[in-house]
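Everything below concerns the one structure shown next.
All figures in this text were calculated on a predicted structure; none of them were measured in a lab.
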Amino acid sequence: MDHYRWQPGPDRSPEPWQPWQPGPPAEQELPGWLAERLFDQRTVMLRGPLTHPVATQTAAALLTLDATGDEPVQLHLAGLDGELPAAFAVVDAMDAMRCEVHAVVTSQVGGAVVAVLVAAARRSAYRHARIRLAEPRAAGVTGTADEVAAAAGRHLNELEEVIVRLAAVTGQPRSRIEDDLSAGRTLSAAEAREYGLIEAIVGEKD
């Protein structure tokens with residue numbers, strides 16, 4: 001008669017709540033047909049966190065387009081943070097190109113992505129875009145004290161280059177740029193144009 005004995009049922013308690021996490025990079029990529037169509041129009045999109053894989057793909061696309069023609073390349077930017085070494089991988093590719101890169105801020109950019117923006121020959125933004133001036137965070141480094149100190153030194157050198165490029169592009173005093181980076185100041189498209197970060201607002205009517 002054991003089959004009549006009460007047995008505990010399966011645990012049907014709800015799973016504990018988990019915060020949303022972004023999907024893997026593959027889920028954030030553009031559909032192949034759309035990426036191909038944009039590439040044919042000499043347009044490259046840099047979206048989401050600027051990681052080393054994203055930087056490698058972006059740099060490869062820019063250099064490929066540079067090798068196939070002399071017309072400007074449109075680089076659409078939408079990313080609020082990233083790794084500074086990854087940003088400079090894209091910047092180095094842009095500096096090596098023969099044709100001009102025209103950067104367009106399509107939604108929001110900030111942190112390390114601003115280094116890519118100011119490296120472009122021409123810069124514009126959509127009307128409701130936002131640009132956040134903030135010091136890019138240093139990547140976590142583990143190792144010996146000497147290795148950590150060396151990584152910190154590299155980060156400070158890269159941050160110094162971002163500040164120098166911002167000052168050259170915007171014409172703003174270095175002290176103001178440093179203050180704005182420390183405060184994490186966010187600029188609207190109109191404010192970014194007045195600041196000198198962009199030259200034009202896309203779709204603005206005279």
Side-chain angles (χ1 to χ4, degrees), residues 21-22 24-25 28-29 44-63 66 73 75-97 101-125 129-187 192 195-198:
Q21 297 291 336
Q28 300 177 13
E29 292 179 357
V44 176
M45 298 192 71
L46 195 165
R47 305 183 308 149
L50 181 50
T51 61
H52 284 286
V54 171
T56 299
Q57 184 176 7
T58 303
L62 291 172
L63 293 173
D66 184 54
V73 175
L75 178 59
H76 289 194
L77 302 173
L80 277 174
D81 204 354
E83 304 167 9
L84 204 47
F88 276 111
V90 179
V91 170
D92 288 345
M94 294 167 65
D95 289 344
M97 293 171 64
V101 176
H102 297 175
V104 183
V105 180
T106 59
S107 57
Q108 299 182 77
V109 300
V113 185
V114 174
V116 177
L117 172 64
V118 297
R122 295 178 61 182
R123 303 166 309 282
S124 60
R130 296 290 183 270
I131 300 174
R132 184 169 185 263
L133 298 173
E135 289 187 13
R137 288 178 294 179
V141 177
T142 58
T144 66
D146 289 342
E147 290 170 340
V148 173
R154 288 192 296 270
H155 179 76
L156 290 175
N157 289 337
E158 291 168 347
L159 182 58
E160 170 70 14
E161 184 172 346
V162 173
I163 293 172
V164 170
R165 284 178 177 261
L166 277 166
V169 165
T170 64
Q172 298 291 341
R174 179 190 176 102
S175 58
R176 181 177 183 184
I177 291 173
E178 291 176 339
D179 289 345
D180 290 339
L181 288 173
S182 297
R185 182 182 178 188
T186 299
L187 305 173
Y195 197 91
L197 268 175
I198 64 172

Which pair of heavy atoms, one from His52 and one from Pro85, lies closest together, and at what distance? CE1-CB, 3.8 Å
What residues form a side-chain contact (heavy atoms from CB on, under 4.5 Å) with Leu63, not counting sequence neighbours? Ala93, Met97
Exercise: identify the closest heavy-atom pair between Pro49 and Val54: O-CG2, 3.8 Å
Shortest non-hydrogen contact from Ala55 to Ala89? CB-CB, 4.2 Å
What's the verdict on side chain to side chain contact (heavy atoms under 4.5 Å, CB included) for Arg185 and Arg176, showing C-alpha distance, side-chain angles and the deciding distance? CA-CA 11 Å; Arg185 182 182 178 188; Arg176 181 177 183 184; 3.1 Å; yes
Among Ile177, Thr186, Leu187, Asp179, which one satisfies side chain to side chain contact (heavy atoms under 4.5 Å, CB included) with Leu133? Leu187
Where do Arg165 and Phe88 come nearest, in terms of heavy atoms and distance? NE-CE2, 4.4 Å
Kindly give the heavy-atom pair with the smallest separation between Pro136 and Leu159, and that separation in Å. CD-CD1, 3.9 Å
Quiz: residues 113-124 side-chain donor-acceptor pairs under 3.5 angstrom, not counting sequence neighbours:
from, atom 1, to, atom 2, distance (Å)
Arg123, NE, Leu197, O, 2.6

Got a sec, which pairs hit side chain to side chain donor-acceptor pair (under 3.5 Å) with one end in residues 102-118, sequence neighbours left out? Glu100-His102
Got a second to check how far Leu62's CG is from Gln57's CD, nearest 0.5 Å? 11.0 Å
Nearest 0.5 Å, what's the CG-CZ distance between Leu77 and Arg47? 12.5 Å
Grab the two heavy atoms, one from Ile131 and one from Ala192, that are nearest each other, plus how far apart they are. CD1-CB, 3.7 Å
Carefully, step by step, assess Arg174 and Val164 under the rule side chain to side chain contact (heavy atoms under 4.5 Å, CB included). CA-CA 8 Å; Arg174 179 190 176 102; Val164 170; 4.2 Å; yes
Enter the distance from Thr58:OG1 to Met94:CE here, rounded to the nearest 0.5 Å. 10.5 Å
Could you measure the distance from the CG atom of Asp180 to the CD atom of Glu178? Nearest 0.5 Å is fine. 10.5 Å
